[in-house]
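Reminder, nothing fancy here: chain letters follow the sequence lines and each chain counts from 1.
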Amino acid sequence: MTDPDEAADRRLDANAAAGPLAELFTVDLTVAVATCAGCGNDAPLAAHLLYADAPALVVRCPNCAGVVLRYASSGSTLRLDLTGARLLTVTLAADGSVGISERQPHRPP
Amino acid sequence: MSFVSRGFAGRRRKTPPGRLPPGQYDVGDGFPVLSAGPTPRTALASWDFQVQGQVDGVRRWSRTQFQGLPRESVSVDLHCVTSWSKFDTRWEGVSVDTLLADVVTAAEFAVAFSDGGYTTNLPLADLTGGQAWVVDTYDGQPLEPEHGGPARLLVPHLYFWKSAKWVRGLTLTLEDEPGFWETFGYHNYGDPWREQRYAGD
Ligand SMILES: [Zn+2]
């Protein structure tokens with residue numbers, strides 16, 4: 001069954017987003033700046049408040065204590081909730097690197 | 001030489017048979033505190049409890065009025081989704097049946113809401129019939145803020161995240177409205193005996 005919106009909007013299967021998103025999520029997110037959806041405060045993720053002993057990692061805004069991000073891994077399932085983050089900003093170095101050593105260059109098979 | 005046996009003083013009592021749900025362990029005398037946020041420090045003078053939403057009129061009890069309601073003592077087992085269980089915990093407070101006694105409502109669901117913004121949703125049928133309390137003492141002492149004081153919800157037949165700490169009221173709803181953990185992939189109902197930890201379990 002063809003979804004008419006798909007043709008009209010050139011809508012792609014969200015698998016196609018995985019490549020570009022990998023760019024973000026191989027970055028050391030502690031250097032990312034998160035904008036709180038609640039109060040608009042900008043702060044590096046590393047400056048946020050982390051509650052790690054709950055059933056998930058709960059990252060809260062250093063200004064208003066609102067939930068910015070929730071993350072959990074259980075078994076083979078990872079969950080990420082960014083409802084409370086209006087924006088994640090990562091600034092790359094001029095050469096396009098993100099300046100962290102763990103990052104592996106992408107090698108096509 | 002010592003005849004004092006570490007075995008007797010230190011040994012954890014045996015897990016009561018038939019009372020440990022699947023995938024759980026007996027935490028013994030411990031009482032883990034799992035915090036998803038800062039512990040609210042609510043002044044007792046400004047604490048109140050409210051029943052709102054789909055009701056014929058909002059009900060509100062000040063701290064003093066709440067303490068004047070008929071009280072019940074209960075001893076129940078707790079089951080946390082992070083897999084610890086704790087047996088024979090003693091609490092005192094007010095039955096939700098008492099709080100809802102003369103409320104006229106068409107609601108089938110409720111959202112418990114707390115200081116600090118926490119919420120959890122439950123079918124109204126699971127809050128009534130002697131299954132749920134708003135408790136303000138634990139083990140004979142005023143409930144510590146770390147464990148949800150001034151008062152927390154206690155719904156022991158469901159995973160413990162349904163027993164909202166720092167509870168301030170219930171919003172009765174016509175539609176089910178998933179709460180803090182329920183919107184994050186945790187099971188909407190959370191029956192420990194059916195091991196309903198995550199959505200789809
Ligand atoms: Zn904020």
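Among residues at least two apart or in separate chains, there is no salt bridge (charged side-chain N to carboxylate O under 4.0 Å, His left out) pair with a member in residues 32-43 of chain A.
The side-chain contact (heavy atoms from CB on, under 4.5 Å) test applied to B/A199 returns no partner, not counting sequence neighbours. Partners of A/L82 under the side-chain contact (heavy atoms from CB on, under 4.5 Å) rule, at least two apart in sequence or in another chain, are A/L69, A/L80, A/A85, A/L88.
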Considering distance alone, list the donor-acceptor pairs between chain A and chain B shorter than 3.5 Å.
residue : atom : partner : partner atom : Å
A/D53   : OD1  : B/S35   : N            : 3.1
A/P55   : O    : B/Y186  : OH           : 3.0
A/R60   : NE   : B/A36   : O            : 2.7
A/R60   : NH2  : B/A36   : O            : 2.9
A/R70   : NH1  : B/F180  : O            : 2.3
A/R70   : NH2  : B/T183  : OG1          : 3.0

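Counting heavy-atom pairs under 4.5 Å between each of B/P32, B/G117, B/G116, B/P38 and chain A puts B/P38 at the top.
Nearest heavy-atom pair across A/P55 and B/V81 is CG-CG1, 4.1 Å.
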